[in-house]
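Computed from a predicted model, the values in this text were never measured in an experiment. The figures here come from the full heavy-atom set of this structure, side chains too, leaving out hydrogens, waters and symmetry mates.
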Amino acid sequence: MIPRYMQAMVLTRHGGIDALEWRTDMPVPEPGPGEVLLRITATAKNNTDRKVREGLYATQDTGVATSFRMAGETLRFPRIQGADVVGHVVAAGEGVAPTRIGERGLLDFNIYRGDDPHLNLTPDYYGHGADGGFAEYGVFPSDQVHHVPNPDLSDAELASLGMCSWQTGYHMLTSAGVSAGEHVLITGASGGVGTALIQLCRVIGAVPHAVSGPGKAKALHALGAKTVIDRTGVTDWPAEIARATGGRIIDAVMDLVGGDITPGLIAAMCRDLGARRTPPRLAIAGASAGNVTQVLWTQIYLNQVQIFGVSHGTRAEARQLIDWIRTGRLRPVLAGTMKLSELHEAERLFVDRGADFMGKLVIVPDAEWEQHGASHALKG
C-alpha cells in the first residue's frame, strides 16, 4: 500500500546544515509516462550534496564560492537531494511494463538532455535538477532504474556502487583513453570516486597508484592499489612519485583534489618524455584542495599534456558499469549506514572524516532501517 505522504530531508536554500529541513508531510510523487515509483531503501552520500547545499562552486573571476549553477537554473527549492539511489519498484507509469513492479533497481543518476549514448555534456542529475533519494519514495525514468537482483549485495552495498562515483571514475578513464598495462596515479584515492577508480583500473587492466591520507595504505592495497603515497609532508611530487613507484612512468593522472598539488603531478608525468609511449594525460573531476591552480601553459603545450575535465558520464558507460556489478566484478566499499533523520549528523561526519573512514556513507529511510540499515550501521 502506497501512502499519500512521506518523510524526506528537504533542502530549502543555500547554507549550512540548517538549510536541510526534516519533513513528514511531503506528498508521495506519482509516476508519469515512462517512469517508475521507487520505495527508496538506500542512498549514498556524495561530495556534491554538500557543495550544492553550500553553493561551493566558484566564479571564474575570483575563485570565491558564490552559488551553484550548472545546466542552467535547474536547481529549485525545496529540493530533495541524494543521487545514488537504490529502491524497489512499487508503481509503474504509462508505457512501463507492470512486470517491473517488485524489482530492485540502482538509479543512473544523470538527467540526460539528448539521446546519444556516448555523449553527456549537461552536468545535471537527480538530487539537483529533480528530486533524488533522501526520502521514502521517488519517481525516476524506468530506463535509468537498472535491475540488480544480486542476492549477495545488500541494498546499502548496492548504493555504495552508485553511479555518481563510479560513472565519474569510469568517465575519467575513458576520456583519458587509459588502456591495459598503463600506470595511473589517483589522488583522493580513499573517497568514493577514488576507490572506484582503483577497482576500475584493475578491471580494464591498468595499474593504479594511490595518493591518500595516512592510515589507509592497507585498505587501498587490498582494493588493488600497487603503491600508496601518503600525501602529508610531500614537497617534491615528481621525486616522491618516482621513489614510491620505483621510477615507473605515470601514463595518466586521475585528479580528484586539484589545488597546489596538480602542477607537481603534471611535472611527474613530464619527467622523462623520451620514455613515454603516449602523451601525458590529466583527468580532473574534483577540487577539494582548492579551485584555483596556477598552471604553466608552456609546460602544457611544449610537453603536449592532455587535460580532460570530467563530470558524470554517459548512458553507455552506465550500462557497462551495471553489467560489471551484475557479474560481480566491482566490490562495494561501504563505510557504514545512517538513518535519514540523522542526515544533519551525517553531513557533519562527511566533512570531518577521520583516517579510518573509507568508502561510501549510505543513508537509509527510518522505516527501512531494521531491514536495510541496521546490519551496516556506522560504528561510532
Side-chain angles (χ1 to χ4, degrees), residues 11 13-17 19 45-75 79 81 83 109-110 120-125 127-129 164-165 167-169 171-173 175-176 185-197 210-213 229 231-232 234-235 237 252-269 280-301 305-313 347-348 350-353:
L11 181 65
R13 56 181 170 80
H14 288 305
I17 59 173
K45 272 196 58 56
N46 290 285
N47 204 38
T48 192
D49 299 326
R50 177 183 63 87
K51 289 187 174 183
V52 169
R53 171 173 56 79
E54 296 184 355
L56 288 182
Y57 285 84
T59 62
Q60 182 175 354
D61 294 337
T62 66
V64 175
T66 54
S67 64
F68 184 80
R69 294 180 184 181
M70 64 182 189
E73 294 293 334
T74 63
L75 177 62
R79 174 67 74 222
Q81 294 184 285
F109 75 123
N110 289 286
N120 176 22
L121 296 180
T122 306
D124 203 5
Y125 59 94
H128 176 267
C164 189
S165 292
Q167 217 175 347
T168 299
H171 196 51
M172 293 175 82
L173 294 170
S175 295
L185 185 74
I186 301 163
T187 68
S190 65
V193 182
T195 55
L197 276 163
V211 177
S212 188
I229 299 172
R231 67 173 181 266
T232 56
V234 177
T235 57
W237 282 100
V253 169
M254 305 291 108
D255 191 4
L256 301 166
V257 175
D260 292 338
I261 76 168
T262 301
L265 305 179
I266 295 172
M269 288 193 291
R281 286 153 286 156
L282 172 77
I284 186 159
S288 59
N291 195 57
V292 178
T293 301
Q294 287 190 330
V295 175
L296 291 173
W297 288 117
T298 49
Q299 181 188 48
I300 302 301
Y301 69 75
V305 178
Q306 299 176 351
I307 299 177
F308 304 88
V310 171
S311 63
H312 309 164
E347 290 283 332
R348 294 188 188 96
F350 197 76
V351 172
D352 299 324
R353 288 166 286 186

Distance from [X] atom [atom1] to [Y] atom [atom2], nearest 0.5 Å?
{"X": "Cys164", "Y": "Lys45", "atom1": "SG", "atom2": "NZ", "result": "10.5 Å"}
{"X": "Met254", "Y": "Ser175", "atom1": "CE", "atom2": "OG", "result": "8.5 Å"}
{"X": "Ile186", "Y": "Leu265", "atom1": "CD1", "atom2": "CG", "result": "12.0 Å"}
{"X": "Arg53", "Y": "Ile17", "atom1": "CZ", "atom2": "CD1", "result": "7.0 Å"}
{"X": "Leu197", "Y": "Thr187", "atom1": "CG", "atom2": "OG1", "result": "9.0 Å"}
{"X": "Thr262", "Y": "Leu282", "atom1": "OG1", "atom2": "CG", "result": "6.5 Å"}

Is a donor on one side and an acceptor on the other found under 3.5 Å between the side chain of [X] and the backbone of [Y]?
{"X": "Arg281", "Y": "Ala252", "value": "no"}
{"X": "His14", "Y": "Val52", "value": "yes"}
{"X": "Thr168", "Y": "Ser311", "value": "no"}
{"X": "Asn46", "Y": "Asp49", "value": "no"}

Side chains of Val253 and Ile266, heavy atoms from C-beta outward: is any pair under 4.5 Å?
no
Below 4.5 Å, heavy atoms only, C-beta onward: do Trp237 and Val211 meet side chain to side chain?
yes
Of the non-hydrogen atoms in [X] and [Y], which two are nearest, and what is the gap between them?
{"X": "Thr293", "Y": "Gly259", "result": "OG1-O, 2.9 Å"}
{"X": "Ala285", "Y": "Met172", "result": "CB-SD, 3.7 Å"}
{"X": "Gly313", "Y": "Asn110", "result": "O-ND2, 4.1 Å"}
{"X": "Gly194", "Y": "Leu256", "result": "N-CD1, 3.6 Å"}
{"X": "Thr195", "Y": "Ser190", "result": "CG2-O, 3.6 Å"}
{"X": "His312", "Y": "His171", "result": "O-CB, 3.2 Å"}

Is the Phe109 ring parallel, tilted or perpendicular to the Tyr125 ring (thresholds 30°, 60°)?
tilted
